[in-house]
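Taking it in order: structure first as C-alpha cells, then the write-up.
Position 1 is the first residue of the sequence, and the numbers go up from there.
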Amino acid sequence: MKYLDLVELIKDKPEYEKAGVKKGMFGAVMSEESINGKWQVVFSEFYTGIDIADIPVREEDLQIHEFVPTDKYPPKN
C-alpha cells in the first residue's frame with residue numbers, strides 16, 4: 001500500500017461507523033507509511049467529492065483497486 005492508493009473498506013468496525021464510514025466505501029490513502037498497522041485514509045462522497053472522514057484504518061480492512069468498479073457505484077439520487 002502507498003500514498004494515494006484507491007482503497008475499499010472491506011470490514012465494518014465501530015470506530016469506522018462512528019466516523020460515518022462503512023464497508024464498501026472507497027477512499028484514498030493519505031499517508032506515506034502505516035503507523036501501527038494503520039493507514040490514514042480519506043473517504044469522500046461519490047459524485048460530489050465532499051469528504052466524509054479522514055481516519056486511520058487497519059491495513060487488513062482495506063482492499064486496493066486500480067479504479068472503482070462500475071458495479072460498486074452507488075445510484076445517483
State, yes or no, whether a side-chain contact exists between Met1 and Ile64 at a heavy-atom distance under 4.5 Å.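 Met1 vs Ile64: side chains touch.
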Tell me, do Lys11 and Arg58 make a side-chain contact under 4.5 Å, heavy atoms counted?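 Not touching, per the 4.5 Å side-chain cut-off.
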Mark yes or no for whether Glu59, through its side chain, and Trp39, through its backbone, hold a donor-acceptor pair below 3.5 Å.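 A pair under 3.5 Å: no.
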Asp12 side chain vs Lys23 backbone, donor-acceptor pair below 3.5 Å: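 Yes, because the side chain of Asp12 sits within donor-acceptor range (under 3.5 Å) of the backbone of Lys23.
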Kindly give the heavy-atom pair with the smallest separation between [X] and [Y], and that separation in Å.
| X | Y | result |
| --- | --- | --- |
| Val7 | Ala28 | CG2-N, 4.5 Å |
| Gln40 | Ser31 | N-OG, 3.1 Å |
| Ser44 | Ile52 | C-CD1, 3.9 Å |
| Val21 | Ala53 | CG2-CB, 3.6 Å |
| Ile10 | Glu60 | CD1-O, 3.8 Å |

Parallel, tilted or perpendicular for Phe46 and Phe26, by the 30°/60° rule?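 Aromatic pair Phe46/Phe26 classed perpendicular.
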In sequence, state the C-alpha distance, the side-chain angles, and the governing distance for Met30 and Leu4, and then conclude on side chain to side chain contact (heavy atoms under 4.5 Å, CB included). CA-CA 6 Å; Met30 300 309 294; Leu4 293 182; 4.3 Å; yes
Any chance [atom1] of [X] has more than 12 other-residue heavy atoms, nucleotides or ligands included, within less than 6.0 Å?
| X | atom1 | answer |
| --- | --- | --- |
| Asp71 | CG | yes |
| Lys22 | NZ | no |
| Glu66 | CD | no |

Starting from Leu62, can I reach Leu6 by hopping between I/L/V/M/F/W/Y residues whose side chains sit under 4.5 Å apart?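 Result: no, two separate clusters.
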Drop me the distance from Glu15's CD to Asp61's CG, to the nearest 0.5 angstrom.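 Going from CD on Glu15 over to CG on Asp61, the span is 8.0 Å.
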